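Order of the sequence lines fixes the chain letters, A, B, ..., with proteins taken first and strands second; residue numbering starts at 1 for each chain. This is a predicted model, so every value here is computed, not measured. The figures here come from the full heavy-atom set of this structure, side chains too, leaving out hydrogens, waters and symmetry mates.
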2 protein chains.
Amino acid sequence: MESNDTNTLIQSSKGDGTIQRTMLREVIRQRIVERILDGTYMPGTRLVESAIAREFGTSQGPVREALRDLAGMRFIESEPHRGSRVREVSLAELVQVYPVRAALEEVAGREAASRMSEETIGSLSSELEEMHRAAESGDAHTQLVHDVRFHQIIVEASGNQILIEMWNSLRVEARTLISAIKSGSDLKLIAEMHRPILHGLQIGDGEVAGREMRQHIEFFGDLVARVSKTV
Amino acid sequence: MESNDTNTLIQSSKGDGTIQRTMLREVIRQRIVERILDGTYMPGTRLVESAIAREFGTSQGPVREALRDLAGMRFIESEPHRGSRVREVSLAELVQVYPVRAALEEVAGREAASRMSEETIGSLSSELEEMHRAAESGDAHTQLVHDVRFHQIIVEASGNQILIEMWNSLRVEARTLISAIKSGSDLKLIAEMHRPILHGLQIGDGEVAGREMRQHIEFFGDLVARVSKTV
DNA sequence: TTCGATTCCATTATCGATAATCTATACGTT
DNA sequence: AACGTATAGATTATCGATAATGGAATCGAA
């Protein structure tokens, strides 16, 4: 319940010239997200405003705002007068994500293909490489990180701001459940499955890239759907 | 600046058995949205927390929360220590919306086709009818309302909660710019363009319905894209 | 014991005031 | 006059306290 190292939330930022726009709400939000992602706050955990405020040494206000933001990002859910708790990510919901993600990424691939720079191609190649490296050491989690990053790069390369915001709001990186399934799969194969996408982008063919991305996501969607039925 | 009729924000709700879960933040949010949509708050208008609070007879807190929600919904944009203003909906942004919307609605059509009830078909038919009625009286705005509703019904019929949330966050109804363009078009033709979609859904063919929806949206996307170049 | 009403407690929702920060204006120096 | 700096006013960010609410525990009657 107590904390000592967490109390320095605000760096007065005098010293370096950079203006350190510190907003309490932001800091608190990040802190909570970390805890959700690393499992400190498991799904279902109640997040009590006053308790968090006390722990962080702030007042209730900023905590409340942080929680509201988190609710907007679907990390938590809140009911009036009843507080907030970490959201349960159901398998059923995960299944619903895939068709949406497939559709969005198809658009991303199509639009990104004509906007690829050498640098972007380089980043993608290097993420792919990292995926393989992780596959060899059997590190499913690390592979997932690079996997997500690979897709994110493409979405951002689309240059479509709406698309980017929309994709980010899917919180792909937070729905880590897949890693569980992946660990049962062939990591090397998974890494290799990204190559056709990269190829499509390299030759600048939007139709190919889009189609490959869609199929890629749909593949995992089917995988998850199958698992969810088994359960 | 002053207001008299707007001060009764909370109905104590004693009397009728119904529990009137009134949350100040919610009421204020709705109020502001109304004003944005009806043009009282034009794009660029500054929304000053204390001023709104004074006008509504509340404290700054709930107003602040309402504004934060609105920022999440992309109705307004806020900068730290600099306040909020009504967002400018640029034409460029509007152009970017269409590919995303097309992709999402294709999924919606595909998934909805197998879940159509008599009732849903009825609702869609009636919206289509209303579109025609509006077309005949040359009422572009009313037609737009039913147009949006038509699409919304399909998205909701998909049963995919993620998809529904995602589509709603596009705020299709708020990006009313299209109505301007539409008024220059043949309203009857626009209404009629919804019929193939309805047909696809009626025969329960997801592929057809999905494809029709995509093409439908892409059509208007191209229209807007063309206009945006002209400007 | 079991059901319902009542009281108490934890927590959220709101308030009013203060601190921090921004923008623009006024001022002084060159 | 042009420029940079200081000051004032407006506005947001945060605080600490109070009111409103919901849920659980308690009590009493059947």
Side-chain angles (χ1 to χ4, degrees), chain A residues 1 6-32 41 44-72 76-87, chain B residues 1 6-32 41 44-72 76-87:
Chain A
M1 291 302 178
T6 55
N7 276 344
T8 323
L9 292 186
I10 300 192
Q11 312 90 328
S12 352
S13 79
K14 54 182 176 185
D16 59 339
T18 331
I19 301 149
Q20 195 84 351
R21 170 98 20 266
T22 324
M23 202 134 17
L24 220 35
R25 167 178 22 114
E26 296 292 324
V27 185
I28 295 172
R29 180 164 60 72
Q30 280 181 266
R31 268 302 202 358
I32 298 177
Y41 292 154
T45 305
R46 286 199 55 187
L47 300 179
V48 177
E49 297 177 359
S50 52
I52 298 175
R54 204 170 333 114
E55 178 182 0
F56 287 168
T58 75
S59 74
Q60 185 194 352
V63 175
R64 187 180 165 76
E65 298 193 357
L67 290 180
R68 194 146 306 291
D69 285 356
L70 290 174
I76 67 175
E77 50 192 358
S78 317
E79 281 187 275
H81 290 286
R82 300 201 39 198
S84 311
R85 54 184 62 232
V86 179
R87 222 160 91 83
Chain B
M1 295 300 178
T6 55
N7 276 344
T8 323
L9 291 185
I10 299 192
Q11 311 92 326
S12 354
S13 80
K14 55 183 175 184
D16 60 340
T18 331
I19 302 147
Q20 196 83 351
R21 170 97 19 269
T22 324
M23 203 135 16
L24 221 34
R25 168 184 15 120
E26 296 292 324
V27 185
I28 295 172
R29 179 164 60 72
Q30 280 183 265
R31 269 303 203 355
I32 298 177
Y41 291 153
T45 304
R46 285 200 53 185
L47 300 180
V48 177
E49 297 177 359
S50 53
I52 298 175
R54 206 171 331 114
E55 179 182 358
F56 286 169
T58 75
S59 74
Q60 186 195 351
V63 175
R64 186 180 166 76
E65 298 193 357
L67 290 180
R68 192 145 307 289
D69 286 356
L70 290 174
I76 67 176
E77 50 192 359
S78 318
E79 282 187 276
H81 289 286
R82 300 202 39 201
S84 312
R85 54 184 62 233
V86 179
R87 223 160 92 82

(request) Can you tell me the distance, in whole Å, between the CD atom of B:Glu79 and the P atom of D:dA13? (result) 11 Å
(request) Take atom CE of A:Met23 and atom P of D:dT14, then tell me their distance rounded to the nearest Å. (result) 7 Å
(message) Categorize B:Leu47 for me: base, sugar-phosphate, or nothing, with a 4.0 angstrom heavy-atom threshold over every strand shown.
(response) sugar-phosphate
(request) Only counting residues at least two apart or in another chain, list the ones meeting salt bridge (charged side-chain N to carboxylate O under 4.0 Å, His left out) with B:Arg25. (result) B:Glu65
(message) Using 0.5 Å steps for rounding, measure from the CG atom of A:Leu47 to the CG atom of A:Leu67.
(response) 6.0 Å
(message) Looking only at the side chain of A:Leu24 (C-beta and beyond, no hydrogens), which of the listed nucleotides C:dC22, D:dT14, C:dT12 gets closest?
(response) D:dT14
(request) Quick one: pull up CD in B:Gln60 and CZ in B:Arg54 and give me the separation to the nearest 0.5 Å. (result) 11.0 Å
(request) Please name the pair of heavy atoms, one in B:Ile28 and one in B:Ala66, separated by the smallest distance, quoted to 0.1 Å. (result) CG2-CB, 3.9 Å
(request) Using the closest heavy atom to pick a nucleotide of DNA chain D for each, name whichever of B:Glu49 or A:Gly61 lands nearer the 5' end. (result) B:Glu49
(message) Can you measure A:Phe56 atom CZ to D:dT14 atom C1' for me and round it to whole angstrom units?
(response) 16 Å
(message) Could you tell me how far apart A:Glu65 (CD) and C:dT14 (C1') are, to the nearest whole angstrom?
(response) 13 Å
(message) Without decimals, in angstroms, what is the distance between B:His81 NE2 and C:dT21 P?
(response) 6 Å
(request) Please check the phosphate of C:dT14 (OP1 and OP2 only) for any side-chain N or O of B:Arg25 closer than 4.0 Å. (result) no
(message) Can you measure A:Glu26 atom CD to C:dA20 atom C1' for me and round it to whole angstrom units?
(response) 17 Å
(message) I need the CZ-P distance between A:Arg46 and D:dG22, as an integer number of Å.
(response) 14 Å
(message) Measuring from the side chain of A:Gln60 (C-beta onward, heavy atoms only), which nucleotide among D:dT14, D:dT11, C:dT14 has the closest atom?
(response) C:dT14
(message) If I take atom CZ in residue B:Arg64 and atom P in nucleotide C:dG16, what distance separates them, rounded to the nearest angstrom?
(response) 17 Å
(request) For A:Glu26, enumerate each residue passing the salt bridge (charged side-chain N to carboxylate O under 4.0 Å, His left out) test, keeping only those at least two apart in sequence or located in another chain. (result) A:Arg29
(request) Using the closest heavy atom to pick a nucleotide of DNA chain C for each, name whichever of B:Ser59 or A:Arg82 lands nearer the 5' end. (result) A:Arg82
